[in-house]
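Letters A, B, ... are given to chains in the order of the sequence lines, protein chains preceding strands, and every chain is numbered from 1. Below, all heavy atoms of this structure are taken into account, side chains as well, without hydrogens, waters or symmetry copies.
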Amino acid sequence: MVRRQILFPEFFARPTLKVARDILGKFLVREIGGREMAAMITEVEAYAGPQDLASHASRGKTPRTEVMFGKAGNWYVYLIYGMHHCLNVVTEKEGYPAAILVRGVEGVYGPGRVCKRFKINLLQNKKPSAKKTKLWVEDRRIKITPRDISRGPRIGVDYAGKWKDKKWRFYLA
DNA sequence: ACAAGGATACCT
DNA sequence: GGTATCCTTGTC
């Protein structure tokens, strides 16, 4: 039996780049129809702070981005290009807008594909990562060392000026 | 190479 | 009210 520990808000209420590294190797778990599906998180991107032009929150607090200013551990889900959902988890302390985009899990590469596979849509937006919401992150004691982690620039943010070059994408080889 | 698709933010 | 834009993907 694998030892499992659901991650609490405290895990997410830390510097975003640190959480981004730490969440690699953790498991995204979804309960659908009484059954659980899970996959190891393998690729993420950090979006941190009001200055980050790649972040939706750079334009301030709006109905959409309000959740990024809220409590760590809440989900931020949005629809992109009219057809794909992107799953983020809010980080840092309340009032500081930041989140981590889940770009890939084991066997599923691409933020839209992750949401499609895990049946994630706007219903999950602003809800906490917790068992009661049927969508959460848990630690299954997979050991990840710094050598396992690669980093590079974020995808699809060429409009973000100097922020586009920041190596805030982290992934397992 | 590029169309699809709809919510969002920011105009008039 | 109109419209440019978008943290993408699948098919062309």
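- For the OP1/OP2 pair of C:dC7 and a distance below 4.0 Å, the side-chain nitrogens and oxygens of A:Arg169 include no atom meeting the criterion.
- Judged by closest nucleotide on DNA chain C, A:Leu79 is the one of A:Tyr109 and A:Leu79 placed further toward the 5' end.
- For C:dC6, the base has no donor-acceptor partner in the side chain of A:Tyr159 [N/O atoms by modelled type, under 3.5 angstrom].
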(request) Walk me through it: do A:Thr16 and A:Trp168 pass the test side chain to side chain contact (heavy atoms under 4.5 Å, CB included)? (result) CA-CA 10 Å; A:Thr16 308; A:Trp168 286 2; over 6 Å; no
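- Figure legend. B:dA1 is base-paired to C:dT11; pairs are counted as Watson-Crick or G-U wobble with both atom distances under 3.5 Å.
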(message) Go through it in stages, so that I can follow the logic: the residues are A:Asp52 and A:Lys166, the test is salt bridge (charged side-chain N to carboxylate O under 4.0 Å, His left out), and I'd like the CA-CA distance, side-chain angles, deciding distance and then a yes or no.
(response) CA-CA 10 Å; A:Asp52 179 6; A:Lys166 291 200 176 294; over 6 Å; no
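- The side-chain heavy atoms of A:Tyr47 and A:Ile100, taken from C-beta on, include no pair separated by under 4.5 Å.
- Rounding to the nearest 0.5 Å gives a distance of 14.5 Å between CG of A:Leu122 and CH2 of A:Trp75.
- Nucleic acid contact class of A:Arg64 (heavy atoms, under 4.0 Å, all strands): sugar-phosphate only.
- Of the listed nucleotides (C:dC7, C:dT8, B:dC10), B:dC10 has the atom at the smallest distance from the side chain of A:Arg59.
- When distances are taken from the side chain of A:Tyr47 to each of C:dC7, B:dC10, C:dT8, the shortest belongs to C:dC7.
- Candidate nucleotides C:dG10, B:dA9, C:dC6 were compared by shortest atom distance to the side chain of A:Tyr81, and C:dC6 ranks first.
- Comparing C:dC7, C:dT8, B:dA9 by their closest approach to the side chain of A:Pro63 singles out B:dA9.
- In the set C:dC7, B:dG5, B:dA9, the nucleotide with an atom closest to the side chain of A:Thr65 is B:dA9.
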